[in-house]
A.B. asks: 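Please see the structure below; I have some questions.
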Amino acid sequence: MEYNFRSIEQKWQKYWYENKIYSTNNNSNLPKYYVLDMFPYPSGSGLHVGHPLGYIASDIISRYKRAKGFNVLHPMGFDSFGLPAEQYAIKTGQHPKVTTEKNIVRFKDQLNKLGLSYDWDREIKTSDSEYYKWTQWIFLKLYNSYFDKKENKAKNISELRIPDSLTKSEKNYFIDSKRLAYLDTIDVNWCEELGTVLANEEVIGGLSERGGFPVVRRPMKQWVMRITEYADRLIEDLDGLDWPDSIKASQKNWIGKSTGAEITFQIDDNNTIDVFTTRPDTIFGATYLVIAPEHPILKDIITNEQSEEIEDYCKNTLLKSDLERQENQKNKTGVFTGAYAINPLTEQKIPIWISDYVLYGYGTGAIMAVPAHDERDFEFAKKFNLRIIKVIKSDQDCYSGEGEIINSSNYNGLMSEDFKNIITTYLEKNKAAKKTTNYKLRDWVFTRQRYWGEPIPILHADEGTVGLDEKDLPLKLPEVDSYLPTSDGLSPLARNSEWKSVNINGKNFIRETNTMPQWAGSCWYYLRFLDPKNNDSFASKKNISYWMPVDLYIGGAEHAVLHLLYSRFWHKVLFDLGYVNTPEPFKKLVNQGMILGNSAFIYRKIDGKSYVSAEIASKYKTQRIHVDINYVNEKNELELELLKNNNSEFLNASFEFKDKFYVDREVEKMSKSKYNVVNPDDICEKYGTDTLRLYEMFLGPLEQSKPWNTAGISGVHNFLKKFWKLYFDSDSNLLVKDTDPSEISMKSLHKCIKKVSDDIESFSFNTAVSAMMILVNELTSQKCRSRNILEPLILIIYPFAPHISEEIWENLGNKKSIVYSKYPDFIDSYLQDNTKIYPVSINGKLKHKIELSLDLTKDQIEARILSDETILEKLNGIEPKRIIIVPGKIINFVI
RNA sequence: GCUGAAGUGGUGGAAUUGGUAGACACGUUGGACUUAAAAUCCAAUGGAUAGUAAUAUCCGUGCGGGUUCAAGUCCCGCCUUCAGUACCA
């Protein structure tokens, strides 16, 4: 019998699912291991070969850890609130719930086909009211907490000390201003096209992260999360985490902590202006000030003759989108206000300008400009002919590094690092400065004007806001007649006026109609997996203390700042309030690389109807367009008939080529619109899931991105066939015998056990697969039939290729499902080989090899090699200056 | 610009704390078995030179230096690619 992967895989997937083989017990004396995948958004297009990479890796770890005696939690769920379903709903009128459900069924089916060992009893969906009940509950916890700066942690709002002198409404106002989730009118990133606001993290270069639509700044009333209070802790706690350096770096970068000083500049008797600087040591070179056009002090200081010009400039700035503002980087603009400030050290009058290169949202919205030591200031000063004074020794016109202080009265000769502290202390004494820390991180704008998200459990009344009572959760998402925002820019939920107004004890309230952002549900889902059916709390204390933290979290690097920062923040709040027992949620993080597509391009002539082959395309004016990779063979030849028959737009087009029509290739992200998607189902159909799993692991290091390429897939498929043939002959007779294994086979086996288990622990799956291939090849050529070898072999391969392993295991007469079996222990003695082939070199150049016992001492080795004829011949009578002997490694003569 | 990662055969990729490159796989070539093909098995496979041959010698890990008995690995200076980020004072 041949290795019939189709029936084997079907059989075992069914068996695992029906018998709940992978359901996990919360009560166990075994050590725990929590392996988590970043759960997917169930998009309409299903899985492609890129998705499974991380899932397969985490599955291998789970199976391996189970076999090593851990109680493993390996759950899966769906991040099912989100924009695509809503946009589809706007287009088609179909309820997002319906399309989402449909997609989830498809996803689950595809996931199961990959042979993943999820505990489906713990499946969660963020759009489930039983789930978002607790998302809302956490929101209320944030709403009902404040940040105690002294203790550097969140506390319940009832512990907040309120000054007695306040009136009742002032007290309310005071409390509201301290909440971790608070309402504020702020300049937000408004995306007209999406009809919603976006968090800073969701805006990339002035365009929306999703869709790439323009974003403008606009003041709006929004719910905001006080994540900035956690900035320091979010940076500090990164140190203890086993995460990739790149992720840690981008989080630190995003939080953007910088320390410096706020220095006060006197303008006139009534007005002063504070600037933030990280370089107080350059203050003697500050020759002008620049303030942001939005700065409120502006109206108090402009002179009459400048007012018109300033007004124009400010108006223009407001009209610009972020993108347009960024385009001005090379060509700075600005206007003189007519006012002057006094440099507190030189006591000179320096002009005050406005310019949009100073951002109102960062620092104090005003800077002291030191053109000799800051490139932006330098450009600005050159353009507007402002004074430039060097205060640090350097040959360059504009030098932003550290160095020796010059032109700074009696401070000359100091080094700038020292001067920084000296001058700040001096200014502090004179009440002209204070040490400050600034962050790039802004508070998290938490509301979205959308339908398909968690409703915010808040009621509005004339005198302020009230959080919903816990017993009234979940606040379910109401039906609406249309999923579009209302004409006055309100969220779609405002369309349901019946739902919107509530009467409680005779008092009228209006519900909050905005919803939470997509990130809300994924901020804490790892906690719900611990206890998904719990009705009394988001998870029981007992389960939390048993399972947390997540030992291994696998997912894409695209969530480096967004998801991972937000969920760390929520986790820390829950930690402060005593609901979780660890300060950090994810102990180890691994980013799987992306699997890229190998796109194909053809060239269309500008006339629009004829196409030319790639090698002659440069002769014409052409457009480059994607063509489906399914119509291209390995030699980059386009199969025209296939293309024409499947796409009507090519049916009557003309094609120009020499003997074959060639395409161009390029590696890029897999996506439907690029026609380069490879569906894992096709691979499973042709080679089987076990082959796909092995191949994705064999392709290269997990963290590395790589193009999908099926060229080598036959290699791993052959490996499985060879593995099968170790156990069965062509007539399906079992070959395994209860004979004593040969010493050499035992050595090979144990070498492999060591290598594979070390490799799995260090996520080096590609080399683990190689080690298994070597063993199977060796056992084949050794004609090994011994059960004592062939049984452990199944267990080694099992985490990678579970279906075939289960099948062989059963055929050997073992209890059903390997999951109950132990990973073989590595026995040290089988590895011990008492001899070693030493390379013998002269001045580092390899000259000879010699086999020696490892027991020999250095002196014995020396005596031995000096009596070796071949070596003496190589030395050719030359007396070595030194002989370097590293036991077990090398012998080197220095002559 | 800044941050992070990476540059090794025709290809994907291996190489412990520096220890004497190219594991494993694909591909290619040759052979066996077949009427033939597929499948399977065996062998060779970084480059150059010399030799009938076993073999020997030299060159080889992006480029240029350096440290060392010994460098893909460490140090200095560059180049290239990818990813993230950017008027953050």
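Chain letters run A, B, ... following the sequence lines, proteins first, then strands; residues in each count from 1. Just so it is clear, the structure is predicted and the values come from calculations on it, not from any experiment.
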A.B. asks: Using the side chain to side chain donor-acceptor pair (under 3.5 Å) criterion, which residues pair with A/Asp232? Sequence neighbours excluded.
C.D. replies: A/Lys257, A/Tyr439
A.B. asks: Is A/Lys754 close enough and on-axis enough to A/Phe826, meaning under 6.0 Å and within 45°, for cation-pi?
C.D. replies: yes
A.B. asks: Quick one, A/Leu702 and A/Leu53 - any side-chain contact, counting heavy atoms below 4.5 Å?
C.D. replies: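 The answer is yes; the side chains approach within 4.5 Å.
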A.B. asks: Scan A/Pro244 against the nucleic acid and name what it touches under 4.0 Å (heavy atoms): base, sugar-phosphate only, or nothing.
C.D. replies: nothing
A.B. asks: Kindly write out the residues that satisfy salt bridge (Lys or Arg N to Asp or Glu O under 4.0 Å) with A/Asp374, not counting sequence neighbours, or none if the list is empty.
C.D. replies: A/Arg376
A.B. asks: When you measure only distances, ignoring hydrogens and angles, does the side chain of A/Lys332 come within 3.5 Å of the base of B/C87 through a donor and an acceptor?
C.D. replies: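 Answer is yes: a donor-acceptor pair is held.
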A.B. asks: Using ring-ring contact (aromatic ring centres under 6.0 Å, His included) as the criterion, list what pairs up with A/His717, not counting sequence neighbours.
C.D. replies: A/Phe5, A/Tyr687
A.B. asks: Starting at the 5' end of RNA chain B, write a dot or bracket for each base, bracketing those in Watson-Crick or G-U wobble pairs whose two distances are under 3.5 Å and using | for partners on another strand.
C.D. replies: (((((((..(((......[....)))((((((.......))))))(((((....)))))..(((((..]....))))))))))))....
A.B. asks: State whether A/Lys721 places a side-chain N or O below 4.0 Å from either non-bridging phosphate oxygen (OP1 or OP2) of B/U40.
C.D. replies: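 A/Lys721 to B/U40 OP1/OP2: side-chain N or O found under 4.0 Å.
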A.B. asks: The side chain of A/Ser246 lies closest to which of these nucleotides: B/G4, B/G13, B/U85?
C.D. replies: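 Output: B/G4.
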A.B. asks: Under 4.0 Å, counting only non-hydrogen atoms across every strand here, what does A/Lys725 touch: a base, just sugar-phosphate, or nothing?
C.D. replies: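 Sugar-phosphate, no base atom in range.
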A.B. asks: What residues, two or more places apart in sequence or in another chain, satisfy ring-ring contact (aromatic ring centres under 6.0 Å, His included) together with A/Phe893?
C.D. replies: none
A.B. asks: Syn or anti: how is B/G46 classified when any glycosidic angle within 90° of 0 counts as syn?
C.D. replies: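 Anti conformation here, the glycosidic angle of B/G46 being more than 90° from 0.
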A.B. asks: Could you pull out all residues at least two apart from A/Trp353 that satisfy side chain to side chain donor-acceptor pair (under 3.5 Å)?
C.D. replies: none
A.B. asks: At less than 4.0 Å, is any side-chain N or O atom of A/Gln704 found next to OP1 or OP2 of B/G13? Yes or no.
C.D. replies: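 Yes, A/Gln704 has a side-chain N/O under 4.0 Å of OP1/OP2 on B/G13.
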A.B. asks: Quick one: which protein N/O atoms are closer than 3.5 Å to N/O atoms of nucleotides 22-31 of chain B? Pair and distance per line, please.
C.D. replies:
residue : atom : partner  : partner atom : Å
B/A25   : OP1  : A/Asn777 : ND2          : 3.1
B/C26   : O2'  : A/Ala711 : O            : 3.1

A.B. asks: Rounded to whole angstrom, note down the C1' distance from B/G84 over to B/A71.
C.D. replies: 32 Å
A.B. asks: Kindly write out the residues that satisfy ring-ring contact (aromatic ring centres under 6.0 Å, His included) with A/Phe276, not counting sequence neighbours, or none if the list is empty.
C.D. replies: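 Partners of A/Phe276 under the ring-ring contact (aromatic ring centres under 6.0 Å, His included) test: none.
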A.B. asks: Using a 4.0 Å heavy-atom cut-off, does A/Ser258 contact any base of the nucleic acid, only the sugar-phosphate backbone, or nothing at all?
C.D. replies: sugar-phosphate
A.B. asks: Could you list the residues that satisfy ring-ring contact (aromatic ring centres under 6.0 Å, His included) with A/Phe719, not counting sequence neighbours?
C.D. replies: none
A.B. asks: Considering only the P atoms, how many Å lie between B/A14 and B/G9, rounded to the nearest integer?
C.D. replies: 14 Å
A.B. asks: Rounded to the nearest angstrom, tell me the gap between atom NE2 in A/His717 and atom C1' in B/U40.
C.D. replies: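 Result: 13 Å.
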